[in-house]
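In what follows, a structure is listed as structure tokens, so that the remarks can point back to it.
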Amino acid sequence: MGAPLLPTDVNNEIWRLIKRCDEVIREIYKAGDEYAEAKGQYEDAHAQALLKAEGTVQEKKAGADRTCFPLYKRFLGADVRYKYLKTVLETTRSQLSAAQSVGSNMRDEWAIQKQYKT
């Protein structure tokens, strides 16, 4: 059996999770900007390629898709990173909530013990 959980351990974990949330939020803003930029560049280039292409509608689309594939990959990567960071933030917030609950339960337990010791 491990050592008992101390209030300082819980407080340190709460602060670590708060800092992690702050870091992830900053990363999300940056990733959101990258996502918006990549999406705009891809959509603009794809539309331009469609307008300049010759052939049937299917041939135009295929040519535009092929021409813009590197931009599409960048757009997909930015999308995945943005969604990943949102998931990391949700997970970190859940961990923070759990740590806060543990801290609250510890305080309640100490209050009860203190009440019966006097």
Side-chain angles (χ1 to χ4, degrees):
M1 189 168 164
L5 192 59
L6 299 174
T8 54
D9 298 331
V10 175
N11 285 338
N12 289 339
E13 183 65 5
I14 288 171
W15 281 112
R16 185 189 72 77
L17 291 168
I18 288 170
K19 288 178 189 176
R20 181 64 182 143
C21 284
D22 288 343
E23 291 168 3
V24 174
I25 288 169
R26 281 191 296 277
E27 290 180 47
I28 285 173
Y29 280 117
K30 183 179 175 187
D33 290 343
E34 291 170 3
Y35 167 80
E37 181 180 327
K39 182 179 180 186
Q41 287 177 350
Y42 165 69
E43 289 177 348
D44 182 54
H46 195 267
Q48 293 294 326
L50 278 173
L51 290 173
K52 294 176 184 175
E54 294 183 13
T56 66
V57 172
Q58 292 85 357
E59 290 170 338
K60 288 180 179 187
K61 183 172 179 341
D65 288 350
R66 186 175 50 253
T67 301
C68 298
F69 188 69
L71 289 173
Y72 182 68
K73 282 182 17 181
R74 182 172 169 254
F75 161 60
L76 284 181
D79 184 40
V80 167
R81 178 166 167 68
Y82 181 72
K83 289 176 181 173
Y84 164 76
L85 288 169
K86 286 176 66 175
T87 301
V88 169
L89 182 59
E90 289 172 17
T91 302
T92 306
R93 283 180 172 164
S94 293
Q95 292 170 339
L96 176 58
S97 178
Q100 289 170 326
S101 291
V102 168
S104 176
N105 290 342
M106 288 177 82
R107 286 188 298 277
D108 290 346
E109 168 115 6
W110 290 328
I112 291 169
Q113 287 179 9
K114 188 175 182 180
Q115 181 181 14
Y116 287 109
K117 282 185 179 179
T118 57

Between Arg20 and Gln95, a side-chain donor and acceptor under 3.5 Å: no
Under the side chain to side chain contact (heavy atoms under 4.5 Å, CB included) test, residues paired with [X] that sit two or more places apart:
X      : value
Val102 : Leu5, Val10, Met106
Ser104 : Arg107, Asp108
Asp22  : Ile18, Arg26

If a pair satisfies ring pair (Phe, Tyr, Trp, His ring centres under 6.0 Å) and one of its residues is in residues 43-73, list it, with sequence neighbours excluded. Tyr42-His46, Tyr42-Tyr72
Treat each ILVMFWY residue as a node, draw an edge where side-chain heavy atoms are under 4.5 Å apart, and state whether [X] and [Y] are in one component.
X     : Y     : result
Trp15 : Leu96 : yes
Ile25 : Leu17 : no
Leu85 : Val80 : no
Val24 : Tyr82 : yes

Do Asp65 and Lys61 make a side-chain contact, defined as non-hydrogen atoms from C-beta onward lying under 4.5 Å apart? yes
Could you tell me whether the side chain of Asn105 reaches within less than 4.5 Å of the side chain of Glu109, counting heavy atoms only? no
Would you list the pairs meeting salt bridge (Lys or Arg N to Asp or Glu O under 4.0 Å) in which at least one residue belongs to residues 79-101, sequence neighbours left out? Glu27-Arg81, Asp79-Lys83
Closest non-hydrogen atom pair between Arg74 and Ala38, with its separation: NH1-CA, 3.6 Å
Nearest-0.5 Å distance, [atom1] of residue [X] to [atom2] of residue [Y]:
X     : Y     : atom1 : atom2 : value
Glu59 : Glu54 : CD    : CD    : 10.5 Å
Lys19 : Ile14 : NZ    : CD1   : 13.0 Å
Tyr84 : Leu89 : OH    : CG    : 12.0 Å
Ile28 : Asp33 : CD1   : CG    : 12.0 Å
Cys68 : Gln41 : SG    : CD    : 11.0 Å

With sequence neighbours excluded, residues passing salt bridge (charged side-chain N to carboxylate O under 4.0 Å, His left out) with Asp44: none
